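Following: one structure in structure tokens, then a few remarks.
No experiment lies behind these values; they were computed from the predicted model shown.
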Amino acid sequence: MILEITTFDHPALRTPGARVERIDDSLRKLAADMIETMRAAEGLGLAAQQVGMPLQLFVLDVPQLKKRPSAMRIAGKRADFEALMPLVLINAKVETFGRVHTESEGCLSFPELSANVSRLLSVRVHALTLEGSSVEFEADGLLARAIQHELDHTLGILYIDRAVPEDRMDFSSDIQRLIRPVS
Ligand SMILES: [Zn+2]
């Protein structure tokens with residue numbers, strides 16, 4: 001089922017996600033609906049906040065792109081991340097490392113808007129899968145950026161909060177009013 005995507009000042013977008021305590025049929029249904037919704041909207045990721053459910057849950061569908069490549073390592077070995085998509089990550093803990101990279105980002109909750117955001121190039125992720133098993137991997141590039149963007153959603157942080165100052169000034173006053181400084 002395709003769900004309605006929350007936008008702009010919807011309160012769910014500012015609500016930090018509760019930890020998922022139980023992976024049951026309703027959570028599996030939510031994750032399946034989020035994947036369907038993300039794909040219908042042609043997004044690379046979608047967090048539960050974006051369908052009005054403040055939970056520590058997000059889904060990803062990141063392709064390998066020549067211009068914005070990604071990589072994944074599991075136990076130090078290069079992994080075929082495309083074969084793992086769509087990826088559902090629950091209660092994710094993310095450490096960032098590497099150099100700072102500034103690239104354009106968009107968000108399904110802010111249609112037709114984009115802005116440059118500085119993020120670190122790599123992440124180390126610990127999370128639960130929908131099967132309830134724990135996963136640990138490292139990612140670089142666009143995949144690492146998408147993970148940082150979605151993790152932010154689960155904390156109630158939006159990419160407009162992190163946009164570089166020049167691009168923030170280009171936002172309409174309606175969008176600028178929604179920015180909350182990241183502490
Ligand atoms: Zn987003």
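- Between atom OG of residue S70 and atom CD of residue Q64 there is a gap of 5.5 Å, rounded to the nearest 0.5 Å.
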Contacts table for residues 116-123: side-chain donor-acceptor under 3.5 angstrom, sequence neighbours left out:
{"unit_1": "N116", "atom_1": "OD1", "unit_2": "S104", "atom_2": "N", "d": "3.1"}
{"unit_1": "N116", "atom_1": "ND2", "unit_2": "D167", "atom_2": "OD2", "d": "3.3"}
{"unit_1": "S118", "atom_1": "OG", "unit_2": "T102", "atom_2": "OG1", "d": "2.7"}
{"unit_1": "R119", "atom_1": "NE", "unit_2": "E105", "atom_2": "OE2", "d": "2.7"}
{"unit_1": "R119", "atom_1": "NH1", "unit_2": "D152", "atom_2": "OD2", "d": "3.1"}
{"unit_1": "R119", "atom_1": "NH2", "unit_2": "E105", "atom_2": "OE1", "d": "3.1"}
{"unit_1": "S122", "atom_1": "OG", "unit_2": "D140", "atom_2": "OD1", "d": "2.8"}

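- In this structure, the separation between CD on Q56 and CD on E21 is 9.0 Å, given to the nearest 0.5 Å.
- Side-chain contact check for V135 versus V125: every heavy-atom pair is 4.5 Å or farther apart.
- Counting only residues at least two apart or in different chains, ring pair (Phe, Tyr, Trp, His ring centres under 6.0 Å) contacts with residues 141-183 comprise H149-H153, H149-Y159.
- Within the 4.5 Å cutoff, the side chain of L65 has heavy atoms near those of the L142 side chain.
- Within the 4.5 Å cutoff, side-chain heavy atoms of R168 are placed close to those of I179.
- Taking the side chain as every heavy atom from C-beta outward, L84 and F137 never approach each other to under 4.5 Å.
- Contacts classified as salt bridge (Lys or Arg N to Asp or Glu O under 4.0 Å) and involving residues 39-58 (residues at least two apart or in different chains) are given here: R39-D61.
- Put simply, CD1 on I175 and CG on D170 are 12.5 Å apart, with the number rounded to the nearest 0.5 Å.
- Residues meeting the side-chain hydrogen bond (donor to acceptor under 3.5 Å, both in side chains) test with S26, sequence neighbours left out: D24.
- Side-chain atoms of Q50 and S109 include a donor-acceptor pair closer than 3.5 Å.
- In terms of heavy atoms, L143 sits closest to A71 at CD2-O, 4.1 Å.
- In the hydrophobic cluster analysis, where Ile, Leu, Val, Met, Phe, Trp and Tyr join through side-chain heavy atoms closer than 4.5 angstrom, V182 is grouped together with L151.
- Judged by distance alone, with hydrogens and angles left aside, the side-chain atoms of E150 form a donor-acceptor pair with the main-chain N or O of A47 at under 3.5 Å.
- Between L158 atom CG and C107 atom SG the span is 6.5 Å, to the nearest 0.5 Å.
- Under the 4.5 Å side-chain heavy-atom criterion for Ile, Leu, Val, Met, Phe, Trp and Tyr, F110 and L44 are members of distinct hydrophobic clusters.
- Legend: residues meeting side chain to side chain contact (heavy atoms under 4.5 Å, CB included) with E103, ordered by chain and number and at least two apart, are R68, H101, R145.
- Here the CD atom belonging to E82 is positioned 10.5 Å from the CE atom belonging to M72, to the nearest 0.5 angstrom.
- A distance-only check finds a donor-acceptor pair linking the side chain of Q148 to the backbone of A144 [under 3.5 Å].
- For R180, there are no side-chain hydrogen bond (donor to acceptor under 3.5 Å, both in side chains) partners, not counting sequence neighbours.
- For residues 86-95, every residue pair satisfying the salt bridge (Lys or Arg N to Asp or Glu O under 4.0 Å) rule, not counting sequence neighbours, is listed here: E95-R124.
- L60 has its side chain out of reach of F81: every pair of non-hydrogen atoms, C-beta onward, lies at least 4.5 Å apart.
- With sequence neighbours left out, T15 forms a side-chain hydrogen bond (donor to acceptor under 3.5 Å, both in side chains) with no residue at all.
- For the pair D33 and K29, the salt-bridge criterion is met [side-chain N within less than 4.0 Å of a carboxylate O].
- The side-chain hydrogen bond (donor to acceptor under 3.5 Å, both in side chains) analysis of residues 4-14, with sequence neighbours excluded, yields the pairs R14-D161.
- How far CD of Q49 is from CG of L155: 8.0 Å, rounded to the nearest 0.5 Å.
- Among residues at least two apart or in separate chains, there is no ring pair (Phe, Tyr, Trp, His ring centres under 6.0 Å) pair with a member in residues 23-64.
- In the hydrophobic clustering, where aliphatic and aromatic side chains (Ile, Leu, Val, Met, Phe, Trp, Tyr) are joined below 4.5 Å either directly or transitively, V88 groups with M1, L3, I5, V20, I23, L27, L30, M34, I35, M38, L46, V51, M53, L55, L57, V59, I90, L108, L128, L130.
- Not counting sequence neighbours, F97 has no partner by the ring pair (Phe, Tyr, Trp, His ring centres under 6.0 Å) test.
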